[in-house]
Amino acid sequence: MSNSSATGWPAISVADAQARLTAAGSPFETVLRPVRGQLLKTWAKGPQTMRDVLARVREHGEKTFIVLEDERVSYGDFHKAVSRMAAAFVAMGIEPGDRVAVTMRNLPEWPVTVCAAIAIGAIATPLNAWWSREELVYGLKDSGAKVAIFDPERLARVAEDLAGLPALKHILVARGEGAAPLEAQIGPVTDWAALPDADLPSIGAPGAAMGPDSAATLFYTSGTTGRPKGAVGSHRAFTSNILTQQFVAARAFLRRGEIMPARPANAPQRATLMAVPLFHVTGFSAILTPLMFNGDKLVLMRRFDAGQALALIERERISTAGGVPTIAWQLVDHPDREKYDLSSLERVAYGGAPCPPELSRRVREVWPHAAPSAGWGMTETCAVFANNTAEDYLAKPDSCGPPTPLGEWKVMRPDGTEAATGEVGELWVRGCTVAIGYWNNPQATEETFGGGWLRTGDLARLDDDGFAYIVDRAKDMLIRGGENIYCIEVENLLAEHPAVDEAALIGLPHRTLGEEPGAVVRLREEGTADEAELRAFVAARLAGFKVPVRVFFAAEALPRNANGKLIKAELRERFAQPEPA
Ligand code: ADP
């Protein structure tokens with residue numbers, strides 16, 4: 001910080017920087033527009049629907065868009081593939097508002113399918129590729145998807161169940177050599193490679209069928225009842241991230257008293273290492289959407305490995321890496337880090353989970369040329385709602401920053417009054433990028449989004465500059481790496497085991513993953529089950545990341561408060577010992 005203060009940072013307050021950047025005539029001008037019955041700030045200019053994004057994508061022509069191992073896909077070829085997929089959806093009878101489920105690992109076919117579905121006015125419904133068979137079937141059924149696109153691994157996982165989904169009319173498989181034997185079980189499966197060619201100059205349904213505030217995406221997040229809930233996002237929600245990302249960079253310049261320089265036309269192509277899944281809002285809205293609009297390169301990995309990631313940063317001249325704090329930790333901590341030329345890194349950006357202040361310092365120390373950046377958001381905010389970067393982040397390394405110009409927030413006391421500056425309470429947020437509501441779940445929608453504010457379930461305080469500090473969670477949830485685990489889902493499942501009387505899930509601290517799930521279980525008097533059996537019981541039904549890494553057995557009843565709620569703090573104190581250094 002000493003350097004920055006020597007140059008007079010900050011030159012201008014955050015509020016003034018924001019006011020200047022969003023004034024009339026600026027590229028980041030904001031205007032109030034009616035959005036779902038409220039007047040909310042929106043970007044005055046810039047892309048507003050998937051159709052606008054795809055028009056720009058087409059202009060990037062021969063530039064490389066996606067790299068996966070030895071495969072390279074140009075923007076032009078990507079546009080053709082989206083066009084072919086969109087034509088195929090229309091031929092299948094997919095209409096605006098229909099759900100298109102996409103269930104695969106990070107393959108180039110993922111953005112093709114998702115962009116095509118959204119462009120024709122359908123609702124793209126990405127399902128978590130780590131989900132178990134039961135979880136995937138739940139997602140397909142709950143969304144009522146009319147078409148589902150799988151990779152072969154995911155298709156095999158649910159093959160026996162597809163016939164039992166009456167809404168599902170079409171099944172497609174990408175890279176499905178060897179899927180033919182499954183047809184006996186499932187019925188006809190369309191092979192992605194066999195789709196007829198189409199090369200539409202412009203893709204998308206114009207007009208009434210698809211406006212900025214119509215539904216575009218359905219991303220599942222777990223819920224307090226234990227069953228995943230789908231948050232419906234609009235076109236505006238994901239397209240707004242394009243200007244938001246540029247705004248955050250411009251704000252950092254202005255705080256230094258500088259105007260953000262335009263990027264020279266002959267500057268090397270920027271590249272992002274995609275180490276997080278595409279199927280969460282971070283991957284799709286915060287990373288993929290701005291990247292493809294800007295014509296940058298997306299480098300995918302089959303599975304994340306920090307050593308391979310370092311080699312890729314060198315080979316592909318990666319400018320942005322990160323995603324979630326876990327990934328950033330593994331990169332800065334890697335013993336081989338110094339063997340690679342990582343000088344191309346400009347930004348190490350992460351969010352979606354608590355970001356330890358030490359991480360910002362480590363990133364700065366290891367890569368002085370790369371700006372660390374932390375964001376806060378949730379599935380229900382359709383990605384980045386707040387962002388802290390550059391000098392601001394180094395000055396306040398435990399904050400996730402101020403909200404972007406499109407968002408407002410406040411901290412609320414349990415009695416429904418607004419907390420004072422500095423006082424901890426629940427963070428409530430509002431803005432045009434907040435999800436429309438939960439799919440098919442008016443009760444949960446009212447509880448979480450009712451009254452025009454989204455109750456985040458995060459406990460936070462705000463400072464005098466409007467920066468937020470997330471201090472805890474009111475919702476009973478753990479985040480392992482970047483994956484959320486709603487405790488009640490695992491607790492309910494453990495309680496179904498015949499030997500289990502009561503179960504509680506607690507977070508066990510982990511330096512790079514943040515936390516891992518541990519279970520505290522009390523067995524029935526006559527019950528017998530050991531740790532391995534209970535772990536296997538969960539593993540057979542839920543995604544691997546939700547399986548407790550340890551099971552502790554309690555001899556007496558688990559501690560509960562007067563309302564019968566588990567007192568997790570007490571359990572954590574007894575069982576969740578900090579990791580030895
Ligand atoms: P995402 O896909 O962005 O991770 P989720 O809905 O899965 O969205 O998780 C959102 C939750 O993650 C937030 O409500 C909060 O508890 C946590 N979270 C996100 N960003 C941060 C952050 N910067 N600091 C602390 N917690 C965070």
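Values in this document were obtained by computation on a predicted structure and should not be read as measured data. In each ligand, atom 1 is the first atom listed, and ligand 1 is the first ligand listed.
Contact residues for ligand 1 (protein heavy atom closer than 4.0 angstrom to any ligand atom): Val281, Thr282, Gly352, Ala353, Pro354, Cys355, Gly375, Trp376, Gly377, Met378, Thr379, Cys400, Asp458, Ile470, Arg473, Lys475, Met477, Ile479, Asn484.
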I'd like a table of donor-acceptor pairs (distance under 3.5 Å, sequence neighbours excluded) in which one partner is a side-chain atom from residues 396-403, with atom names and distances.
| from | atom 1 | to | atom 2 | distance (Å) |
| --- | --- | --- | --- | --- |
| Lys396 | NZ | Asp463 | OD2 | 2.7 |
| Lys396 | NZ | Asp465 | OD2 | 2.6 |
| Ser399 | OG | Gly401 | N | 2.9 |
| Ser399 | OG | Ala468 | O | 2.7 |

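When side chains are defined from C-beta on, Thr282 does not count as touching Val324, because their heavy atoms never get closer than 4.5 Å.
Considering only residues two or more places apart in sequence or on other chains, Arg364 meets the salt bridge (charged side-chain N to carboxylate O under 4.0 Å, His left out) condition with none of them. Listed by chain and number, the residues in a salt bridge (charged side-chain N to carboxylate O under 4.0 Å, His left out) with Arg255 are Asp392 (sequence neighbours excluded).
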Derivation of the ring-ring contact (aromatic ring centres under 6.0 Å, His included) call for Phe449 and Tyr438: CA-CA 9 Å; Phe449 299 86; Tyr438 292 123; 5.1 Å; yes

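Contact check on Arg413 versus Glu423 returns a salt bridge, with a Lys/Arg side-chain nitrogen under 4.0 Å from an Asp/Glu carboxylate oxygen.
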